[in-house]
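We count ligands from 1, going down the list as the structure has it; atoms in each ligand are counted the same way. Atom set for the values below is all heavy atoms of this structure, side chains included, hydrogens, waters and symmetry mates excluded.
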Amino acid sequence: MALEVKFPRKSGKRGNQGLEKLRIYGGKPLVGRVKISGAKNAAVAILPAALLANDTCIIDNLPYIDDVTTLADILHELGAKVELDAKGRISINGSKMTEYRAHYDMVRRMRASYYLLGVLLAKFGKAEVSFPGGCAIGTRPIDQHIKGFEALGAKVELEHGVIKVSADRLIGNEIYLDVVSVGATINIMLAAVKAEGTTTIVNAAKEPHVVDTANFLNTMGASIKGAGTDTIRIKGVKELSGCSYTIIPDQIEAGTYMIAAAATGGDVTVVDVIPKHMEAVSAKLLEMGMEVIEGDDEIRVIGKQRPRKANIKTQPYPGFPTDLQQPMSVLLSIADGVSVITENVWEARYKHLDEVVRMGGNVKIEDRVAIIEGVERLSGAPVTATDLRAGAALIVAGLSAEGITEISNVDHIDRGYEDIERKLVDLGADIERIDENGKSRRLKLVTSRQRAAVGAGL
Ligand code: UD1
């Protein structure tokens, strides 16, 4: 059964992105202001969470990315009324839904479809969701999600690639997570929000998108306390109602542009961000000799000199985010000196460095540690994005390199970065998209005066 596609991709025809490429003519410093979109990782939790309301939820500041259009399609296929507009707003009403099964064709394109388990379990007392697809960044177990559902009284079975969860009643319990997991924390919150009694998640993830999802649920009438700390308490409520909500800015997108500014010796202000969410990245860039100027809701990064070496250890929030390890490793590849990265979250998150080596990088990898001896400059080459953030890293590499870099498997990048070519062109990058027939699509620079004339306001 093929998924009926209702919501088009913003960047072009659906289904052929695997064959598209981004071609970057490198070596141009990025300069200017870039507006950061809504957070992908919050959106992919909040959209399914909206199904729990007895009325319409209107969600604003939605990033118009492929993960979101895919999810909108899935929710529509499940029987929810979904409307998406080009201004980054979606309305969702799941009150008439009866479907509790999400088949493989729906979920294979996105990892975060596991949130449907928690949501449908809370809504119907049962859910059947195919084991999800998504980024290939190592084994991605969901044992902690399952442990949480079971603690609430659900029966969980895996049959023919489908996870089946069911419960006559969900009853609050204390759940200690063996690993700090964003997905498990959010999924347990979703399942517990209408359970009887109180659920406590101990050793919970503290990421901004965990807090945003809790805030959204609370706006619908849930009773969740402690999100953003390592203990979250969820007092079950009988009903959740419709609401309006604005998604937080994307911490990872902002960090990617900050790192790209440093890598190109540029001067970029990321606009509409929450600087507190960016502290780990800002601190590293400062340590590397970059100028970082924080405003109330913007951060300016000036790459005045060659970056100095630095050591990075990825950690759950508020530590250095694993999703920025990949772009940051490119910056370290052109830093002065030897840097050490320890990837503590995912075990196979260095595939992009094979490509960076092909661009002249000097890297040694031993298990979770990458030792990077900085070179003066990378040189452009044909490369392949193996996952979303690997794609972002290769864009940073291409922008900073001398010559032409052609990145294949652009579909990974389109899953998570809204309007990436538009934003980069407006910052002065020389970038074009090559379609599956080898035809180039190159966006024109829009000046700030033109933008102001159409009210974009940057
Ligand atoms: C989310 C993010 C992803 C980010 C990751 C870590 C979304 C949609 N994706 O992914 O971009 O890289 O957080 O910040 O928000 N683990 C288990 N058992 C489980 C669950 C996780 O062992 O049941 C392990 C994982 O293998 C991994 C670590 O816990 O080593 C963290 O994973 P988790 O935080 O769950 O990642 P995701 O929620 O999948």
Side-chain angles (χ1 to χ4, degrees), residues 38-49 63 65-68 70-71 74 107 109-119 131-151 156 158 163 165 175-191 201 203-214 230 247-248 250-253 255-256 277 280-281 313-328 342-352 367-368 387-393 412-413 415-417:
K40 165 181 120 32
N41 287 347
V44 297
I46 286 174
L47 262 57
I65 51 177
D66 285 1
D67 264 9
V68 161
T70 301
L71 196 46
I74 293 173
V107 304
R109 281 183 290 148
M110 69 178 307
R111 167 91 194 151
S113 42
Y114 52 42
Y115 291 137
L116 290 170
L117 281 170
V119 166
F131 216 65
C135 271
I137 51 173
T139 336
R140 297 186 78 161
I142 59 163
D143 56 297
Q144 299 302 304
H145 305 228
I146 291 171
K147 172 175 154 172
F149 298 149
E150 285 176 340
V156 184
L158 176 65
I163 304 163
V165 200
I175 299 150
Y176 175 84
L177 296 182
D178 301 324
V179 287
V180 180
S181 159
V182 170
T185 303
I186 292 180
N187 229 345
I188 296 167
M189 259 180 359
L190 293 168
I201 309 174
N203 200 26
K206 297 182 259 194
E207 267 67 4
H209 36 290
V210 172
V211 180
D212 209 34
T213 308
D230 57 14
I247 292 179
I248 53 164
D250 197 306
Q251 174 204 17
I252 307 301
E253 188 199 17
T256 305
H277 294 168
V281 184
K313 288 187 179 162
T314 64
Q315 301 283 359
Y317 188 82
F320 192 90
T322 170
D323 288 356
L324 286 175
Q325 174 266 104
Q326 290 151 299
M328 187 55 114
T342 312
E343 173 53 70
N344 290 312
V345 181
W346 300 112
E347 77 274 20
R349 219 174 190 184
Y350 289 133
K351 287 190 192 140
H352 63 292
D367 296 328
R368 287 174 176 263
D387 65 69
L388 167 60
R389 308 300 171 188
H412 287 301
I413 301 167
R415 278 187 38 226
Y417 286 85

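Residue Tyr114 places a heavy atom less than 4.0 Å from ligand 1. For the pair Ala205 and ligand 1, no heavy-atom separation below 4.0 Å is found.
Here is the list of ligand 1 atoms found below 4.0 Å of a heavy atom in Val44: 8 (C). Taking every non-hydrogen atom of Gln144 and a distance limit under 4.0 Å, the qualifying atoms of ligand 1 come out as 18 (N), 19 (C), 23 (O). Interface atoms of ligand 1 facing Gly183, defined by a heavy-atom separation under 4.0 Å, are 35 (O), 38 (O). Close approach of ligand 1 to Asn41 is summarised as follows: ligand atoms under 4.0 Å from at least one heavy atom of the residue are 2 (C), 7 (C), 8 (C), 9 (N), 11 (O), 15 (O). For ligand 1 and Ile142, the ligand atoms under 4.0 Å from any heavy atom of the residue are 19 (C), 23 (O).
In terms of heavy-atom proximity, Pro327 sits nearest to Ala393 at N-CB, 3.6 Å. Contact between Leu388 and Lys40 at its shortest, heavy atoms only, is CD2-CE, 3.4 Å. The two atoms that bring Leu190 and Ala49 nearest to each other are CD2-CB, 3.6 Å, heavy atoms only. What you find for Ala204 and Val180 is that their closest heavy atoms are O-CG1, 4.0 Å. Between Thr185 and Ala205, the shortest heavy-atom contact is OG1-N, 3.0 Å. In terms of heavy atoms, Thr322 sits closest to Thr314 at CA-CG2, 3.8 Å.
Checked by atom type and distance alone, the side chain of Asn187 pairs as donor or acceptor with a backbone atom of Tyr114 at under 3.5 Å. With hydrogens and angles disregarded, a donor-acceptor distance shorter than 3.5 Å links the side chain of Glu207 to the backbone of Tyr317.
In terms of polar-atom proximity, Ala184 is not counted as a contact of ligand 1, lacking any N or O under 3.5 Å from an N or O of the ligand. Ligand 1 has a nitrogen or oxygen under 3.5 angstrom from a nitrogen or oxygen of Asp143.
Within a 6.0 Å sphere centred on NZ of Lys147, heavy atoms belonging to other residues, nucleotides or ligands number more than 12. The local environment of CG in Asp178 is crowded, with over 12 non-hydrogen atoms from other residues, nucleotides or ligands closer than 6.0 Å.
At a heavy-atom cutoff of 4.0 Å, ligand 1 is contacted by the side chain of Arg349 but not by its backbone. Contact annotation: for Thr322 versus ligand 1, heavy atoms closer than 4.0 Å belong to the side chain alone. Heavy atoms of Arg389 found under 4.0 angstrom from ligand 1: none, in either backbone or side chain. Only side-chain heavy atoms of Trp346 come within less than 4.0 Å of ligand 1; its backbone N, CA, C and O stay farther off.
The heavy atom nearest to atom 29 (O) of ligand 1, out of those in Thr314, Asp323, Val179, Ile186, is found in Val179. Relative to atom 19 (C) of ligand 1, the option among Ala42, Pro141, Ser181 with the closest non-hydrogen atom is Pro141.
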